[in-house]
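Written out below as structure tokens is the structure these notes cover.
Order of listing sets the numbers, starting from 1, for every ligand and every atom in it. Just the heavy atoms: all of them, side chains too, but no hydrogens, waters or symmetry mates, feed the values below.
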Amino acid sequence: MVTTLQGGSVTEGVVRVGDTVRRPVSRSTPNVHALLRHLESRGFDGAPRVVGTDGLGHEILSYVPGRSGFVENAVEDLARLVRAFHDATEGFPLKDQGWIGGSNVDDPPEVIGHCDITPDNVIFRDGRPVALIDFDLARPTTRLFDIVTTLRHWAPIADPVDLDPLQRGLDAGERMRLFCDAYGVPPRDRRRLLDLARLRFHRSYQVMRTRAADGGAWGRMWAAGSGQRIRRAAAWLDVHEDELRAHLV
Ligand SMILES: Nc1ncnc2c1ncn2[C@@H]1O[C@H](COP(=O)(O)OP(=O)(O)O)[C@@H](O)[C@H]1O
Ligand SMILES: [Mg+2]
């Protein structure tokens, strides 16, 4: 049976065929497949397995049973999953070529980051996060950069006007602390976290504006206000900086 999968907003034509998923290949697919095979060889089971490509421009991955989407009380389990993922990428070459987006921080890369751990890209079973999917934006980066990107969506770091009702009123600072404790983020990185979030907002605004100029899905997201959402999130971060920081010292 063939089922069209929804959840993400970027990739068109993601379909489930039995216990596999077909997704359009991208420039990063050769690297992503090598990464997924590396994770498998390291015994990490929180990611799809590579089945192959179909010769028609699609990659074939294993279907991970469960549901994607935001779950409120998952931030510590998610932190442990992200930690296990980062640790399992160790030993994988940290070369810049062949990834989408290129390097995005000034610090030397430490691991391969997923770089897009949104609610749509985490699979839950029985309320617990069991796998990351959609590695299209994975690339060499620092642990802290991937953590900041994850917290953008899961603390979340956002203006409440842009959030689902079920995400409003969450204590973002406390959730950042829970994440950092469960991941094992050292004090030095906790102190840098909010500054890096600010830098990331600035850069992702510019990257998205550049991608939007090419049209396609990025252009539609920009037209639907993705740039303004980043600006509002950055402003929200400025207003709440002190109270957030108090959770991270
Ligand atoms: N390997 C997989 N196992 C289970 N579900 C998947 C898998 N890949 C994609 N999906 C489902 O399809 C949705 C969209 O796929 P995704 O790969 O995230 O594409 P997009 O680039 O559009 O975000 C996901 O949110 C998830 O619900
Ligand atoms: Mg996705």
Side-chain angles (χ1 to χ4, degrees), residues 1-40 44-54 56-72 74 77-78 81-82 84-85 88-89 99-101 112-139 146 149-154 156 158 164 166-167 204 207-208 211-212 214-226 229-230:
M1 192 176 78
V2 177
T3 323
T4 302
L5 293 173
Q6 268 149 8
S9 44
V10 174
T11 308
E12 289 161 38
V14 180
V15 293
R16 176 178 173 186
V17 184
D19 58 3
T20 67
V21 168
R22 317 271 153 129
R23 307 174 76 251
V25 293
S26 77
R27 263 193 303 119
S28 66
T29 300
N31 277 2
V32 170
H33 284 192
L35 173 67
L36 294 177
R37 290 193 166 106
H38 174 89
L39 295 173
E40 182 174 4
F44 177 75
D45 62 3
R49 301 285 187 234
V50 180
V51 179
T53 47
D54 69 0
L56 300 167
H58 300 104
E59 60 173 349
I60 309 173
L61 304 174
S62 64
Y63 175 80
V64 183
R67 291 180 70 118
S68 57
F70 187 79
V71 170
E72 183 176 326
D77 283 331
L78 181 64
L81 177 63
V82 174
F85 160 64
T89 72
W99 306 100
I100 295 174
I112 306 294
H114 179 287
C115 300
D116 195 23
I117 304 180
T118 63
D120 284 338
N121 290 339
V122 181
I123 301 288
F124 288 85
R125 280 199 295 271
D126 300 323
R128 307 191 78 159
V130 293
L132 307 174
I133 57 165
D134 188 359
F135 286 74
D136 287 354
L137 299 183
R139 57 188 179 252
D146 213 17
T149 298
T150 304
L151 290 172
R152 156 86 169 114
H153 303 285
W154 292 90
D164 262 23
L166 88 149
Q167 295 178 327
S204 56
V207 167
M208 291 190 76
R211 286 192 184 143
D214 296 339
W218 294 101
R220 285 195 297 280
M221 281 160 60
W222 189 259
S226 57
R229 271 196 297 283
I230 296 174

Practice item. Would you name the heavy atoms of Pro119 and His153 that are closest together and state the gap between them? Key: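 Heavy-atom minimum between the residues: CD-CB, 3.8 Å.
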
Check your understanding: Any idea which heavy atoms bring Leu39 and Ala47 closest together, and the distance?
Key ->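 Of all heavy-atom pairs spanning Leu39 and Ala47, the closest is CD1-CB, 4.1 Å.
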
Exercise for review: State which residues pass side-chain hydrogen bond (donor to acceptor under 3.5 Å, both in side chains) with Ser26; sequence neighbours excluded, sorted by chain then number.
Suggested key: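 Partners of Ser26 under the side-chain hydrogen bond (donor to acceptor under 3.5 Å, both in side chains) test: Ser28.
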
Practice item. Run down the list Asp136, Val64, Ile133 and name the one with the heavy atom closest to atom 4 (C) of ligand 1. Key: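 Considering heavy atoms of Asp136, Val64, Ile133, the nearest to atom 4 (C) of ligand 1 sits in Val64.
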
Review point. Going by the salt bridge (charged side-chain N to carboxylate O under 4.0 Å, His left out) test, which pairs reach into residues 31-40, not counting sequence neighbours?
Key: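 The answer is Glu40-Arg49.
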
Exercise for review: Assign the ring pair Phe124 / Trp154 to parallel, tilted or perpendicular, where the plane angle (0 to 90°) is split at 30° and 60°.
Suggested key: tilted

Exercise for review: Return yes when atom CZ of Arg67 has more than 12 non-hydrogen atoms of other residues, nucleotides or ligands closer than 6.0 Å, and no otherwise.
Suggested key: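 No - once you tally the heavy atoms of other residues, nucleotides and ligands closer than 6.0 Å, there are 12 at most.
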
Exercise for review: Answer yes or no: are there more than 12 heavy-atom neighbours, outside Asp214 itself, under 6.0 Å from its atom CG?
Suggested key: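 For Asp214, atom CG is crowded (more than 12 foreign heavy atoms under 6.0 Å).
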
**Study point:** Pi-cation contact, Trp99 with Arg139 (under 6.0 Å, within 45°)
**Key:**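 Not satisfied by the 6.0 Å and 45° rule.
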
For ligand 1, is there an N or O atom under 3.5 Å from any N or O atom of [X]?
{"X": "Ser62", "answer": "yes"}
{"X": "Val14", "answer": "no"}
{"X": "Tyr63", "answer": "no"}

Exercise for review: Please find the N/O/S atom of Asp134 nearest to the Mg ion (ligand 2) and write down its name.
Suggested key: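 Closest to the Mg ion (ligand 2) among those atoms: OD2.
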
Review point. Leu61 near ligand 1, heavy-atom distance under 4.0 Å?
Key: no

Check your understanding: Is the distance between the Mg ion (ligand 2) and the nearest N/O/S atom of Asn121 smaller than 2.8 Å?
Key ->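 Looking at Asn121, which is the residue asked about, there is an N, O or S atom under 2.8 Å from the Mg ion (ligand 2).
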
Practice item. Between Arg23 and ligand 1, find which residue part has any heavy-atom pair under 4.0 Å and reply side chain, backbone, both or neither. Key: side chain

Proximal atoms of ligand 1 relative to [X] (non-hydrogen, under 4.0 Å):
{"X": "Asp120", "value": "24 (C), 25 (O)"}
{"X": "Ser68", "value": "25 (O), 26 (C), 27 (O)"}
{"X": "Asn121", "value": "18 (O), 23 (O)"}

